[in-house]
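A quick write-up on the structure given underneath.
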Amino acid sequence: MSEAGEVPFDQLPPEERLFRQRHSAAHVLAEAVLEMFPETKYAIGPPVENGFYYDFDLPRPLTPDDLVTLEARMRVSVERDLAITGEQIPKASAREIFRDQPYKLELIEGIEDETVGHFRHGDFQDLCRGGHTESTGQLGAFMLDRVAGAYWRGDEKNPMLQRVYGLLFATQEELDAFLVMRVEAEKRDHRRLGRELDLFHIDPIAPGSPFWHPKGTVLYNGLVEYIRELYEEYGYQEVITPQIFGVDLWKTSGHYQNFSEDMFLFHSGDEELGVKPMNCPGHCHYFASGHHSYRELPMRLAEFSRLHRNERSGVLHGLTRVRSFAQDDAHIYCTPEQFESEVFTLFGLIERIYSELSLGQPEIRLGTRPAKFAGNPEDWVEMERLLGDAVTNAGKTFTVSPGEGAFYGPKLEFHFKDAIGRSWQLGTVQVDMAMPAAFGLTYVGEDGAEHRPMMLHRAILGSLERFLGVYTEHTGGHFPLWLAPVQAVLIPIADRHIEYAQSVRGRLRERGLRVEVDESGERMGAKIRKAQLQRVPYMLVIGDREQEAGAAAVRDRTGDDLGAMPVFQIIDRMVDERDNRSVQAMV
RNA sequence: GCCGCUGUAGCUCAGAGGUAGAGCAGCUGUUUCGUAAACAGCAGGUCGUGGGUUCAAUUCCCACCGGCGGCUCCA
């Protein structure tokens, strides 16, 4: 049977064609690898975003030169335009065909049906559920991209295979456009912009622990200030709890049992201590330290303290995966009656913040009950439903990540992509069905009796470090005025204008604007270029004419020359833009 | 942690078995200039760290550390 039998390949919808091209390209890649290394054990090779990959167990590591060779062999297969055919065959036949292929045999055993899919082109054959082009001549524009390691079946207990990634698009133009886009995206990489804009650096003396430079610290504090303002409006109270606790606290919370490998634990005298990796146990301990009336609930405790997690070395990544960070963290304690409305209000706050920061739509995931969990399954189902409702009631959609909840409860995750398309979790909302009981939390209800409060964990920006990493890439370093480390640079055309520029700087600073005068001996063009590369929102050029008129010539970072404006008008404009947290002037 | 790659000045990079160079940035001087780079000079590196091979290692080999791309993990 020709798989595209019902509908000819060229009449399929474009996405389906692309999917099949990528899938078939994976087969052609495997064919080339088997040709080059006949002893190859091949595993799986699906289509993915932007292309395809295939996993192999090979006698030696592949080199970039090998990829060139393999790609050339693939093109031979394309040139020959071999028919790709498939059929269902009995498992017994498949076992015979793949008798020397342990990974295929394992896959066959995992298939429930009596028959399995078997596809071939030329001399190549594969175990495959199908979804292919009619022939190897229909692959579109492709290239092999890189080779990486990947565990068989994604389990680190299994052997590591070599994964060859390929890119594939319908046309050469689209492939070229993708490559250009990728190069452009690298220019927005927060690790690069962090250096160019003098925001932060990370030194081998403290892996995964950023040094925030003065300009990065302005961003950092600006975000905290923004969130603090919202906390007032939304009824949060900020606390500061200890950095280091005796391990009893972590044993009570369950983190010692679940995460001690990733905690910084140490001994001091006879005591074992741990640096806090999260704030929740501290907040629970605070709650437990006093008596609370139902009148105090909901109690929303916020904290920006520094947290440390001893992340495994291979996972560190710029600002997006670090060992030292702070969250816009909060824990909400409330009565069961208040719980649903708390979740819904919280969802509204999250939406508001992402919208005000112009972040675009997050991908929302609902993490459900994992293998190791606290509480009873019925409560999990109920809480999973509640979280899902909060999303759908707001007119949003989510996907379910089965088993991805925290050990103490289900969670919503808000994911955003970085410059090159990697997805990072920023915000999260987590129901906690374990800690209130573990810490023996109670409040006195209207009835005079003691009750157990409900508990929510939530962070909206997530970690400030990760947020700033993603946000730097999102904006390309063009931060909105209210966050921009330097909001305007005054550019005197000649030295005789410096004094006037300094007086203008004074007037702007009086209004709390972050302004500098470029007093260097450079020409105006060089000063403008420098300010432009630093993404300074406004360049205020001052020469004889402006000095005469008590004005400055305003240029914004889009390159627009807004002409000369009186200084008071510039101030009004900037203060207005700042106080509205406007993103209008972002590029 | 695992697989692969990688590490030369603050940054981007060149270089070679005989102890290192460019551009930008920095500093000094000259220039005083109208919307993305004025000119000149100076200074700056035990070539990631530790071993080994060698008459000689920054260059070759090994280990470790960091970084990059994935995988796994992410309270």
Side-chain angles (χ1 to χ4, degrees), chain A residues 53 55 58 60-64 145-165 186 189 191-192 195-196 198 201-208 250 253-263 276-281 307 309 311-318 320-322 327 367 370 372 404-409 411 413 420 422 424-425 428 430 432 434-435 457 462-463 466 491-498 521-533 539-546 553-557 559-564:
Chain A
Y53 70 77
D55 287 346
L58 296 172
R60 64 164 174 85
L62 290 172
T63 65
D145 191 27
R146 52 175 54 121
V147 55
Y151 296 109
W152 164 235
R153 298 198 135 177
D155 188 333
E156 65 180 327
K157 293 186 199 73
N158 288 337
M160 181 151 277
L161 308 174
Q162 293 190 66
R163 176 171 296 178
V164 179
Y165 281 98
E186 279 165 17
D189 188 308
R191 292 163 298 190
R192 176 170 171 167
R195 186 173 58 243
E196 291 174 357
D198 197 18
H201 83 276
I202 299 175
D203 190 276
I205 200 68
W250 316 117
S253 68
H255 290 100
Y256 191 87
Q257 296 84 327
N258 285 293
F259 294 104
S260 59
E261 285 290 302
D262 298 321
M263 282 181 67
K276 73 174 165 189
M278 86 293 294
N279 291 308
C280 32
L307 305 173
R309 297 180 183 178
E311 302 283 5
R312 299 204 278 178
S313 61
V315 307
L316 298 178
H317 185 100
T320 46
R321 193 74 184 273
V322 290
Q327 297 177 324
K372 278 202 292 184
E404 296 294 313
F407 69 86
Y408 46 68
K411 65 179 177 183
E413 297 181 344
I420 64 166
R422 286 178 291 223
W424 298 94
Q425 177 195 310
T428 181
Q430 305 172 356
D432 194 317
M435 274 187 234
H457 305 237
S463 93
R466 177 178 290 180
I491 299 178
I493 289 177
D495 285 355
R496 65 178 177 278
H497 308 119
I498 287 181
E522 296 292 336
R523 298 180 174 200
M524 182 195 63
K527 293 179 182 179
I528 285 178
R529 177 180 149 81
K530 193 177 169 204
Q532 189 76 47
L533 289 173
M539 286 149 259
L540 308 177
V541 177
I542 285 169
D544 291 334
R545 296 199 296 270
E546 289 77 16
V554 181
R555 182 193 204 273
D556 71 23
R557 62 188 163 188
D560 281 348
D561 186 346
L562 308 182

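Below, chains carry the letters A, B, ... as their sequence lines are ordered, and counting in each starts from 1.
- In this structure, of B/C71, B/A36, B/C68, it is B/C68 that holds the atom nearest to the side chain of A/Arg191.
- Between the side chain of A/Tyr151 and the base of B/G1, a donor-acceptor pair under 3.5 Å is found.
- The listed nucleotides are B/G34, B/A75, B/G70; the one nearest the side chain of A/Ala406 is B/A75.
- Remark: B/U31 base-pairs with no nucleotide in the shown strands. Criterion, Watson-Crick or G-U wobble with two distances under 3.5 Å.
- Heavy atoms of A/Ala148 sit under 4.0 angstrom from at least one base atom.
- Considering only side-chain atoms of A/Arg466, the nucleotide from B/U32, B/C74, B/G70 that sits closest is B/C74.
- Rounded to whole Å, the distance from CD on A/Glu156 to C1' on B/U72 is 5 Å.
- Between A/Arg422 atom CZ and B/C68 atom P the separation is 9 Å, expressed in whole Å.
- One C1' atom belongs to B/C33, the other to B/C39, and the distance between them is 13 Å to the nearest Å.
- A/Asn258 places a side-chain N or O within 3.5 Å of a backbone atom of A/Gly254 that can act as its donor or acceptor partner.
- Between the base of B/G34 and the side chain of A/Glu546 there is a donor-acceptor pair shorter than 3.5 Å.
- The pairing partner recorded for B/C2 is B/G70, the criterion being a Watson-Crick or G-U wobble arrangement whose two distances lie under 3.5 angstrom.
- Note: A/Phe259 and A/Phe407 have tilted aromatic rings, judged against thresholds of 30 and 60 degrees for the angle between ring planes.
- Between the C1' atoms of B/G7 and B/G15, the separation comes to 16 Å (whole Å).
- B/U46: no Watson-Crick or G-U partner with both key distances under 3.5 Å is found in any strand.
- Taking atom CZ on A/Arg192 and atom P on B/C11, their separation rounds to 14 Å, with Å as the unit.
- Using a 4.0 Å heavy-atom distance criterion, A/Gln257 is classed as making no nucleic acid contact.
- Across all strands, A/Gln430 comes closer than 4.0 Å only to sugar-phosphate atoms, never to a base (heavy-atom distances).
- On a pure distance criterion of 3.5 Å, a polar donor-acceptor pair joins the side chain of A/Arg555 and the base of B/U35.
- Following rounding to the nearest Å, A/Met539 (CE) and B/A37 (P) show an atom-to-atom distance of 13 Å.
- For A/Val541, the listed nucleotide lying nearest its side chain is B/G34; candidates were B/C74, B/G34, B/C71.
- Across all strands shown, A/Pro207 has heavy atoms under 4.0 Å from sugar-phosphate atoms exclusively, and none from any base.
- The interatomic distance linking A/Asp55 (CG) with B/G70 (P) rounds to 15 Å, in whole Å.
- Only the C1' atoms considered, B/A25 is 16 Å distant from B/G45, to the nearest whole Å.
- Separation of the P atoms belonging to B/A75 and B/A37 is 49 Å when rounded to the nearest angstrom.
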- Message: I'd like to know whether A/Lys530 forms a salt bridge (charged side-chain N to carboxylate O under 4.0 Å, His left out) with A/Glu196, so could you lay out the CA-CA distance, the side-chain angles of the two residues, the decisive distance to 0.1 Å, and finally the verdict.
- Response: CA-CA 11 Å; A/Lys530 193 177 169 204; A/Glu196 291 174 357; over 6 Å; no
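- Checking A/Asn279 against A/His457 by side-chain atom types alone, no donor-acceptor pair falls below 3.5 Å.
- In this structure, CE of A/Met278 is placed 11 Å from C1' of B/C74, rounded to the nearest angstrom.
- With hydrogens and angles disregarded, a donor-acceptor distance shorter than 3.5 Å links the side chain of A/Asp432 to the backbone of A/Met435.
- Side-chain to base pairing of A/Arg496 with B/C33: no donor and acceptor N or O lie closer than 3.5 Å to each other.
- Nearest nucleotide to the side chain of A/Arg146, out of B/C73, B/G69, B/A75: B/G69.
- Taking atom C1' on both nucleotides, B/A56 is separated from B/A16 by 14 Å, rounded to a whole Å.
- Residue A/Arg321 contributes atom CZ, which lies 11 Å from atom C1' of B/A75 at whole-angstrom precision.
- Base pairing of B/C13 is made with B/G21, judged by Watson-Crick or G-U wobble geometry with both donor-acceptor distances under 3.5 Å.
- Separating the CD1 atom of A/Ile202 from the P atom of B/C65 is a distance of 18 Å, rounded to the nearest angstrom.
- Looking only at distances, a side-chain donor or acceptor of A/Gln162 sits under 3.5 Å from a matching main-chain atom of A/Leu62.
- Taking the P atom of each, B/C74 and B/U54 are spaced 50 Å apart, rounded to whole Å.
- Within the 4.5 Å cutoff, the side chain of A/Asp556 has heavy atoms near those of the A/Leu562 side chain.
- Counting non-hydrogen atoms under 4.0 angstrom, A/Arg312 reaches a base of the nucleic acid.
- Note on A/Lys411: only backbone sugar-phosphate atoms sit closer than 4.0 angstrom, heavy atoms only; bases stay farther off.
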